[in-house]
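Single-structure report; data block below.
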Amino acid sequence: MQAFDVQVSGAGIVGKSLALSLARLGLSVALRGAPAATARDDVRAYALNAASVDLLQRLKVWDTLGAGATTAVHDMVVRGDSSAGHLEFSAWEQRVGALAVITDAAALEHELDAALRFAPHVTRADADVGATLVAHCEGRGAAASLHVLDAGFERSDYGQKAIAARLVATLPHRHIARQWFRSPDVLALLPFDRPQAGRSYALVWSLPAERADALLAMESAAFEGELAQVAGAEVGALGLGSERAAWPLVVGGAATWCGPGWVLLGDAAHVVHPLAGQGLNLGLADVVALSAVIATREPWRGLADERLLRRYVRQRATPTWAMTRITDGLLRLFAEPSAPIRELRNNGMSIVNRVAPLKRWLTARALDS
Ligand SMILES: Cc1cc2nc3c(=O)[nH]c(=O)nc-3n(C[C@H](O)[C@H](O)[C@H](O)COP(=O)(O)OP(=O)(O)OC[C@H]3O[C@@H](n4cnc5c(N)ncnc54)[C@H](O)[C@@H]3O)c2cc1C
């Protein structure tokens, strides 16, 4: 007999959400990992889809996020690297309330930590405990565990970094997310209400690592000048509203997601490029799927049973594989410098823009990963 039903290893957003979700099923959970540090607040803001928001609402951490911690995206404008490349999405066309909700990463971490303090069946641990099932949610830090489990994580480095920061604009954001696909970088401006309501953006700028390092080393004014060259006049002048931070970008996944008594979720199982803003959405969808599989298991089936855990893997493998291929394919398509490919991709964007059912299908995939 083990001390706990489940040990969740890794207290990122996926691990904390899983601990809360399993505790609601009445399982005893040990969450291994420290609460988020307040001193090193994450400057990122995540574009969360409707399925992720629904989970966070059910975990009672969504409605308590403070004012300005979430901003709905009503429209999205994507530009290619010629005037022909142009694609627009709208929540109205899609018949949904929002295409995504931009959510303050640090605020969400803190809200999850607060909820965990009151969760009756969750114990925080700083070392391994005895548990029937170990759920690995250690993100990119999972390499050591995956090696021990022989899960075979394949990872390839894009040679890129993503710079994130908060920006303040001179014009209102009007709830429009904007993205520029240029060869080889991708710039995203996500409408946000912090630090200034109605005029802020969360920046995600993916670039070759050397260029990213050069941009990080620049004085603020020079960095803002570089941003203005990409974004042009449509958002007004952009000023930095926070420190800049950068993440090296990789793509990859574990060959095996479960075994007797262990299972992988979130970035520990799969890592995607942030250009489509889907990494965390995939991880939270893992939480929903594993919780449902556990909740509906036969009374005689134990939590460590590999056949049970494989039900979860079967549900998640295809959508994760598809999202990985889409983001990777888009990135490679827009990194290709040759003129015919450039013309093809920009014309392709305009064609997609005119074919309403295809656009609806693409948006639906992103809304529910
Ligand atoms: C710039 C950028 C922008 C992004 N934007 C979006 C977006 O808009 N939308 C979206 O859906 N996704 C986005 N993502 C992806 C998203 O950040 C990740 O997919 C998500 O954070 C993964 O969460 P996780 O909990 O699985 O892993 P992590 O956030 O990496 O958390 C893992 C936790 O485990 C801990 N840990 C590591 N090793 C161990 C160990 N051995 N033992 C115990 N604990 C351990 C770590 O300290 C950490 O707390 C973005 C990523 C980047 C880099």
Side-chain angles (χ1 to χ4, degrees), residues 7-19 30-37 40 42-53 55-56 70-71 73 76 99-106 108-109 112-113 124-129 134-149 158 160-166 177 179 186-192 202-207 212 244-254 264-287 320 323-324 327 366-367 369:
Q7 172 180 311
V8 176
S9 205
I13 294 175
V14 171
K16 288 192 262 218
S17 302
L18 181 68
L31 175 61
R32 188 184 158 183
R40 287 186 62 244
D42 197 330
V43 293
R44 284 176 296 181
Y46 295 126
L48 296 185
N49 63 20
S52 296
V53 172
L55 169 70
L56 296 169
T70 59
T71 303
V73 177
M76 181 164 184
L99 290 175
V101 185
I102 311 303
T103 306
D104 189 302
L108 181 55
E109 291 261 9
L112 285 162
D113 283 327
R124 291 202 88 129
D126 52 13
D128 283 337
V129 297
V134 180
H136 292 276
C137 305
E138 297 123 343
R140 297 167 183 214
S145 318
L146 299 187
H147 184 67
V148 173
L149 298 167
Y158 280 120
Q160 290 197 341
K161 285 185 182 172
I163 300 179
R166 301 291 165 82
Q179 197 167 27
V186 184
L187 175 92
L189 294 183
L190 309 173
F192 203 50
L203 166 75
V204 185
W205 196 358
S206 317
L207 312 110
R244 286 158 277 177
W247 283 259
L249 299 180
V250 297
V251 59
L264 308 179
L265 297 92
D267 275 19
H270 42 73
V271 185
V272 296
H273 192 285
L275 69 88
Q278 289 296 332
L280 182 57
N281 288 311
L282 288 172
L284 293 177
D286 294 348
V287 171
T320 305
M323 191 54 76
T324 309
T327 51
L367 286 172
S369 57

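Just follow the structure's listing: the first ligand is 1, and inside any ligand the first atom is 1. What you see is a predicted model; the values in this text were computed from it and never measured.
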Which atoms of ligand 1 are found less than 4.0 Å from any heavy atom of G279? 10 (C), 11 (O), 12 (N), 15 (C), 19 (O)
Is any N or O atom of V14, backbone or side chain, closer than 3.5 Å to an N or O atom of ligand 1? yes
Where the closest heavy atom to atom 33 (C) of ligand 1 is concerned, which of G12, A245, A165 has it? G12
I need the nearest protein heavy-atom contact for atom 45 (C) of ligand 1: residue, atom name and distance, please. E138 CG, 3.7 Å
Considering L280, N49, V287 one by one, which has a heavy atom nearer to atom 11 (O) of ligand 1 than any of the others? L280
Flag: protein heavy atom within less than 4.0 Å of atom 47 (O) of ligand 1: no
Indicate yes or no: does an N/O atom of G277 lie under 3.5 Å from an N/O atom of ligand 1? yes
Has Q7 got a side-chain atom pairing as donor or acceptor with V129's backbone, closer than 3.5 angstrom? yes
Any heavy-atom pair between the side chains of K16 and E109 that's under 4.5 Å? yes
Can you name the closest pair of heavy atoms from L55 and S17 and give their distance? CD2-CB, 4.4 Å
When you measure from atom 4 (C) of ligand 1 to every protein heavy atom, which one gives the shortest distance, and what is it? P274 CB, 3.9 Å
Tightest non-hydrogen contact, residues N281 and A47, listed as ND2-O, 3.0 Å
Distance to 0.1 Å, residue and atom name: give those for the protein heavy atom nearest to atom 35 (C) of ligand 1. G10 CA, 4.0 Å
Those residues at least two apart in sequence (or on a different chain) that pass salt bridge (Lys or Arg N to Asp or Glu O under 4.0 Å) with R244 are none
Is there side-chain contact between L56 and L108, with at least one heavy-atom pair below 4.5 Å? yes
Counting each atom of ligand 1 from 1 as listed, which ones have a heavy atom of A162 under 4.0 Å away? 1 (C)
Contact check: A47 vs ligand 1, nitrogen or oxygen atoms, below 3.5 angstrom: yes
Ligand 1-proximal atoms of R44, by part, heavy-atom distance under 4.0 Å: side chain
Would you call L284 and I13 a side-chain contact if the rule is heavy atoms closer than 4.5 Å? yes
Atom 13 (C) of ligand 1 [closest protein heavy-atom partner, distance rounded to 0.1 Å]: Y46 CD2, 3.6 Å
Below 4.0 angstrom from a heavy atom of I13, which ligand 1 atoms are there? Numbered from 1 as shown, please. 25 (O)
Going by the closest heavy atom to atom 22 (C) of ligand 1, which one wins out of D267, V271, V250, L284? D267
Are the side chains of V186 and Q160 in touch, meaning some heavy atoms are under 4.5 Å apart? no
Run the numbers for me: atoms of ligand 1, each under 4.0 Å from some heavy atom of G266, listed by number. 26 (O)
Region of W247 engaging ligand 1 - heavy atom pairs below 4.0 Å: side chain
If you have a sec, work out which protein heavy atom is nearest atom 28 (P) of ligand 1 and how many Å separate them, to one decimal? G139 CA, 4.1 Å
Proximal ligand 1 atoms for C137, defined as those under 4.0 Å from one of its heavy atoms: 32 (C), 33 (C), 34 (O)
Report yes if some heavy atom in the side chain of T324 is under 4.5 Å from a heavy atom in the side chain of V251; otherwise report no. yes
D286 side chain reached by H270 side chain, heavy atoms, under 4.5 Å: yes
Are any non-hydrogen side-chain atoms of Q278 and T327 less than 4.5 angstrom apart? no
Does S52 reach the side chain of L280, with side-chain heavy atoms less than 4.5 Å apart? no
